[in-house]
Amino acid sequence: MSQSLPTPTALRRASLDAVLRFAWDAEAFTASDVLDVVGLTRTTAIDVIDELVARRMLAELPNARAAGDYRKGRPARRFGFRPDAGFLIGVDAGQSRLTATVADLRGENRAVRHLLLDPTMDAPDVRREAASRVVDETLAEAQLTRADVVAVVVGVPAPVDRNGISPPHRDDFWRRMNPDFAELFGAWAPIVRVENDASLAAVAERAVGAAVGYDDFVTLLAGDRLGAGVWTDGRLLRGAHGGAAETVAFDHVRGVDGAWGLGHRAAALARRALADGSLPATSGLRGLDAAEVDGKTVLSLAAAGDEGAREIAGQVGQTLAIVAGVFGSLFDSRLIVVSGAVAAGAGPVISAALDALPEELDLPAPEIVASTLGADIVSVGAVRAAVEAARTGLLDLPRFVVAG
């Protein structure tokens, strides 16, 4: 039979939080290691460690003698965090592709699955069923069930408020993209968070990507449409309805004239050049049918030195400079990270943008770099956000009660 833990005092809770935070990032440790970092008395440290073992968040390991690290005196007890005490799910719920990742409490992946979607089949019940299916299939691949999950984080191409709800939109696109995923997964997962996909890309960049150590930066998802995740003064901006940095504002910016992404712009310019015959005779783009032209192809050719593609990349770079200048002026950002699948070929675009950027703002110009996290960056960010959500909420979950 299980019983609930008594409500801890504020001091006790602070001690539990501090030791759990230390253990989460530590390898095998002793009570003395905890004392050196956390600043508790030995008696309190041992008592708190024993409670976390009872809660099944820590495991007692073989002592120093058994581990071959014994010198003299009584061997010290050794402990370790249990990353398999619960599992996390990160979901990138894009318009045309769903990606689900199952990871342990430290964010180490156990299974990843992708599901392609027909973007015209975006009715709420269709997206909810598809999201549930890919999550359950990924759990099955990891040999886990819903009962093993402690946190789910979902990224969607829409603004999302603090409650996981997207605001109305003129054609209800945002609510089709986010058909109340908070309610869907909250029916069985203890901790659920829904976020804008570009915001999760920013979480990924700050945790394991180009923005590690930066407090003021913008992450641009820049493939078909522009999405922006903005960090200012060390925190992620959201806004009252989740619409901070909503890029529809670029409809009103001369030289950008819309929220189309870099990949979309490169493809559109290449098709126009094909149609009017303005491409150099040596350009590899001339051998393509217009239907075969996409942003990735154009930027890959530009990176390889194709003269026609480099001219197009330069034009796209001029637009990126304006976009970076707007964000740099509004938020005084130190860094702009071009992220997503388009980042792999973004070098020539970024080079052209950096040349033009000083003319776009009076403040010091931000750096512009390409992400190295690839097309799954939103899923990476969802897992990192799930790790942080678990770190904050694990002690409050009923599953981690003391067995009686």
Side-chain angles (χ1 to χ4, degrees), residues 94-97 116-120 157 171 173 198 218 220-228 247-328 336-361 365 368-372 374-375 377:
Q95 184 178 11
S96 58
R97 189 178 78 155
L116 295 179
L117 305 173
D118 180 345
T120 66
D171 65 358
F173 174 77
V218 176
L220 287 178
L221 285 179
D224 190 51
R225 301 277 295 179
L226 283 177
T247 56
V248 70
F250 285 113
D251 289 350
H252 310 290
V253 176
R254 186 173 58 195
V256 182
D257 305 309
W260 299 111
L262 307 184
H264 175 94
R265 293 171 188 272
L269 288 169
R271 293 189 196 104
R272 186 183 309 164
L274 273 171
D276 64 23
S278 60
L279 287 167
T282 56
S283 176
L285 291 169
R286 291 178 66 94
L288 299 178
D289 185 86
E292 299 176 290
V293 175
D294 59 24
K296 184 177 180 181
T297 299
V298 176
L299 296 182
S300 294
L301 285 170
D306 183 285
E307 183 181 352
R310 288 188 68 85
E311 172 62 28
I312 291 168
Q315 295 177 58
V316 176
Q318 295 287 328
T319 301
L320 176 59
I322 299 171
V323 170
V326 168
F327 283 122
I336 308 291
V337 186
V338 178
S339 300
V342 72
V349 174
I350 291 173
S351 179
L354 288 171
D355 289 341
L357 184 56
E359 303 300 320
E360 298 297 333
L361 75 170
I368 307 177
V369 300
S371 171
T372 60
I377 184 173

Heavy-atom closest pair (A343 atom, S371 atom, distance to 0.1 Å) is CB-O, 3.7 Å
In this structure, CD1 of I350 is separated from CD1 of I368 (nearest 0.5 Å) by 7.0 Å
Hey, is the main chain of A356 close enough, under 3.5 Å, to the side chain of E359 for a donor-acceptor pair?
no
When every non-hydrogen atom of A266 is compared with those of L299, the smallest separation belongs to CB-CD2, 4.2 Å
- Task: Please check if atom CZ in R272 has more than 12 non-hydrogen atoms from other residues, nucleotides or ligands closer than 6.0 Å.
- Result: no
**Prompt:** Is a side-chain N or O of T247 found less than 3.5 angstrom from the main chain of L226, in a donor-acceptor match?
**Reply:** yes
Scanning both residues in full, the closest heavy-atom pair of L220 with A228 reads CD2-CB, 4.1 Å
Distance col, row S96:OG vs D224:CG, nearest 0.5 angstrom, shows 8.5 Å
Margin query: Is the shortest side-chain heavy-atom distance between I322 and F250 below 4.5 Å?
Written below: no
Across all chains, not counting sequence neighbours, the salt bridge (Lys or Arg N to Asp or Glu O under 4.0 Å) partners of R97 are D376
- Task: Kindly determine whether V338 and L320 satisfy side chain to side chain contact (heavy atoms under 4.5 Å, CB included), including the steps that lead there.
- Result: CA-CA 10 Å; V338 178; L320 176 59; 4.2 Å; yes
ask   = Does the side chain of D257 reach to within under 4.5 Å of the side chain of D251, using non-hydrogen atoms?
value = no
Does the side chain to side chain contact (heavy atoms under 4.5 Å, CB included) test come out yes or no for T319 and R265, once each step is laid out? CA-CA 9 Å; T319 301; R265 293 171 188 272; 3.8 Å; yes
Interatomic distance, CG@D294 vs CZ@R271, rounded to 0.5 Å, equals 8.0 Å
Scanning both residues in full, the closest heavy-atom pair of V298 with A270 reads CG2-CB, 3.7 Å
Sub-3.5 Å donor-acceptor pair from the side chain of R286 to the main-chain atoms of L274, do we have one? no
Residues G308 and L279: closest non-hydrogen pair is CA-CD2, 4.1 Å
Looking at K296, is its backbone amide N or carbonyl O close enough to the side chain of S300 to form a donor-acceptor pair, meaning the two atoms are under 3.5 Å apart? yes
For A267 and V293 the tightest heavy-atom approach is O-CG1, 3.9 Å
Separation between CG (L285) and CD1 (I312), nearest 0.5 Å, reads 5.5 Å
Side chain to side chain donor-acceptor pair (under 3.5 Å) pairs touching residues 303-313, sequence neighbours excluded, are S283-D306
A side-chain contact here means heavy atoms from C-beta on lying under 4.5 Å apart; do V323 and V256 qualify? yes
